[in-house]
Asks: 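Handing you a structure now.
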Amino acid sequence: MATIRENELEKESMKRDFYHLIINGEKVKSSTGDTIQTFNPATGELIAEVAKASKEDAEKAVEAARNAFDHGKWKLFPVGRRAQVLNKIAAIMRARFNELVELEMLDTGKALHAAQGQVSQAIEDFEFYAGAIVGHRGTVNNVPGQFHNYTEKEPVGVCAQIIPWNYPLMMAAWKIAPAIAVGCSVIVKPASLTPLTAIILGEICLEAGVPAGVVNVIPGSGAEVGNFLVEHPRVNKVAFTGSTPIGKDIMGKASDTLKRVTLELGGKSPSLVFEDADIDAAVDGSLFGIFYNSGQSCEARSRLYVHEDIYDEFMSKFVEKAKKLQMGNPFDKGTHVGAIIDQGQLDTIDGYVQSAKKDGAEILVGGNVAKPEGYENGFWYEPTIIANVTHDMKAVTDEIFGPVVVVMKFKDEKEAIRLANDTEFGLGSAIWSKDGARATRVANQIQAGIVMVNCPFSAFPGTPFGGYKQSGFGRELCIETLDLYTETKSILSYYGSRPLNPFGL
Ligand code: NAP
């Protein structure tokens, strides 16, 4: 057992053979001695062993978080002081940017440009909430005469934060930053496949001055430890990012204790390219929209609809550029598409592609497991474009979560909107058109939490991120996220000169 002290991280490399749990400000092994092995998906090599939390460890984490929340000082700190600590977290992350990028790349196999962007955004999240929290406040409300009413935003309490493997550090930042900004305590459950940077972030929080017990990080099995937190009566809120089926399961189980729940779930986001679009910009944006992060993005624009008048021109450019995408050494600046997270995900992706082929779809590019030179033992899939699809094919209806896009033609705006909305999901969407009136009209009719107009990017700190329909509910990355980590308390007072006697007795 070792306590994390000021500047200790400066002495210890982020790359280690063994990573501890963080419970109550201490780095600890699991109570069972069990570990998770984590591998580099680009090479298949073992990176490290990680302490694997048991239910007993999770109970200790709940106890620590509860104690920090119920009896600790963090939530009582003046807001400016909490903001200062958040800024310090960001400063430490910035000072160790390259190490964070490297560790994230080793754990996920993602390309350098993707890891750099995501680590930058994780840092900016803390800076954003350091600013946002200062303006987060209750209201003074209109009430009759001698009454006075105001509201306070009080932290909701202990929050279980369960995160996926596709953006391990960024998702941890999206969750930890707003929660601790308002004064909550958190128990972070990283994905078993990618626990490393969330653990390091937990250590950085402590180094920056977050008191013991406010941020706990416990990698462990989702089905066991994640579920335990969801059902735990002393946990007040669950913030979950992950797949839609697990999100549904969590929502059901959290109902027993009526926990506050936010769910950031899967997607099958459409991109609509109209006949008046800047075709080159739409091609470049659509390539990024699906192949960024190897398609392992919840808001990946994996359904592409192109107006019939420009279909041939668009597709010839889209296919030509897709063939130029480079895979291979993730640390090479020229690598566009990184690895797939593991063999299971690789099989899932290939299964969808093969089923589309069997159903009569046409593979225009890719369609195979890849073996980039020197990375033959890793998990890679060729950037894949599938045409000649119908809306009942699995490759069109399901979230594949890989570098695979399906493409269809449309005739007019009405059909484009109908096709875009013909899905159970509603996370992202994109519109490519030079006509601002059309873009606005279509944006208003798309059933999705995020609409990107002539823009390949889905979010920056400050822009709400979250879904409609079965993509979940609640918004992260924005000011209103702070409301999702607080309760509103209404305080109604009477200041009249005579006591009130409502019963007239
Ligand atoms: P996942 O399988 O649903 O797992 C997500 C997290 O939940 C992991 O930490 C997992 O732990 C845990 N978990 C699994 N079963 C659980 C249970 N019964 N109770 C509580 N926790 C449980 O998702 P994933 O494969 O890691 O991530 C990919 C999915 O995330 C995709 O669907 C993607 O669209 C979605 N995603 C959504 C957003 C968004 O903002 N909407 C952002 C990123 C990703 P283990 O790792 O131990 O299984």
Side-chain angles (χ1 to χ4, degrees), residues 34 36-38 41 50 52-55 58 107-108 110 118 121 125 160-175 187-196 198 217-232 235 238-254 259 261-269 292-302 340-342 344-346 348-349 398-402 423-428 448-450 458-459 463-478 481:
D34 286 351
I36 298 169
Q37 291 191 319
T38 178
V50 180
K52 181 181 182 193
S54 62
K55 284 187 192 168
D107 214 11
T108 60
K110 62 179 75 210
Q118 290 157 30
Q121 218 224 56
D125 289 340
Q161 303 186 314
I162 302 175
I163 55 180
W165 48 258
N166 61 333
Y167 300 129
L169 181 70
M170 201 172 81
M171 290 294 111
W174 280 25
K175 299 228 175 320
I187 303 154
V188 180
K189 210 300 283 171
S192 298
L193 289 168
T194 57
L196 303 186
V217 186
I218 55 165
S221 149
E224 188 188 340
V225 162
N227 191 54
F228 179 80
L229 295 173
V230 170
E231 293 184 332
H232 201 294
V235 171
V238 181
F240 171 78
T241 299
S243 60
T244 296
I246 304 284
K248 289 179 185 178
D249 184 59
I250 285 177
M251 191 168 164
K253 288 182 172 148
K259 284 187 178 58
V261 177
T262 43
L263 299 173
E264 299 278 5
L265 307 177
K268 189 76 181 177
S269 301
Y292 170 73
N293 215 48
S294 312
Q296 300 169 124
S297 292
C298 47
E299 88 293 9
R301 274 122 285 158
S302 51
I340 302 302
I341 196 69
D342 70 352
Q345 188 60 20
L346 196 60
T348 302
I349 295 166
D398 293 10
E399 181 183 44
I400 297 177
F401 222 54
T423 170
E424 66 191 25
F425 297 109
L427 188 57
I450 302 154
S458 58
T463 62
F465 196 97
Y468 282 22
K469 303 198 279 190
Q470 295 197 30
S471 290
F473 50 82
R475 295 293 179 271
E476 291 193 315
L477 200 62
C478 59
T481 314

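Numbering starts at 1 and runs along the sequence shown. Whatever order the structure lists ligands and atoms in, that order sets their numbers, starting from 1.
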Asks: Report the residues that fulfil side chain to side chain contact (heavy atoms under 4.5 Å, CB included) with Lys52, sequence neighbours left out, ordered by chain and then residue number.
Replies: Asp34, Ile36, Ser221

Asks: Can any side-chain N or O of Thr244 pair as donor or acceptor with the backbone N or O of Gly266 at less than 3.5 Å?
Replies: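 Looks like yes, one N/O pair under 3.5 Å.
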
Asks: Could you walk me through whether Leu477 and Asp125 pass side-chain contact (heavy atoms from CB on, under 4.5 Å), step by step?
Replies: CA-CA 7 Å; Leu477 200 62; Asp125 289 340; 3.1 Å; yes

Asks: Enumerate donor-acceptor pairs with a distance under 3.5 Å from any side-chain N or O in residues 162-170 to protein atoms, sequence neighbours excluded.
Replies:
from: Asn166; atom 1: ND2; to: Gln296; atom 2: O; distance (Å): 3.1
from: Tyr167; atom 1: OH; to: Ser297; atom 2: OG; distance (Å): 2.4

Asks: Report all protein residues having a heavy-atom distance below 4.0 Å to some atom of ligand 1; order the list by chain, then number.
Replies: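 Residues Ile162, Ile163, Pro164, Trp165, Asn166, Met171, Lys189, Pro190, Ala191, Ser192, Gly220, Ser221, Gly222, Ala223, Gly226, Asn227, Phe240, Thr241, Gly242, Ser243, Ile246, Asp249, Ile250, Glu264, Leu265, Gly266, Cys298, Glu399, Phe401, Leu427, Phe465 each place a heavy atom under 4.0 Å from ligand 1, listed by chain and number.
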
Asks: Please list, chain by chain and in numerical order, all residues satisfying salt bridge (charged side-chain N to carboxylate O under 4.0 Å, His left out) with Lys253, sequence neighbours excluded.
Replies: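 With neighbours one apart ignored, the set is Asp249.
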
Asks: Let's go through Lys469 and Thr423 carefully: what are the C-alpha distance in whole Å and the side-chain angles of both, what is the deciding distance for side-chain contact (heavy atoms from CB on, under 4.5 Å) to 0.1 Å, and is it a yes or a no?
Replies: CA-CA 9 Å; Lys469 303 198 279 190; Thr423 170; 4.3 Å; yes

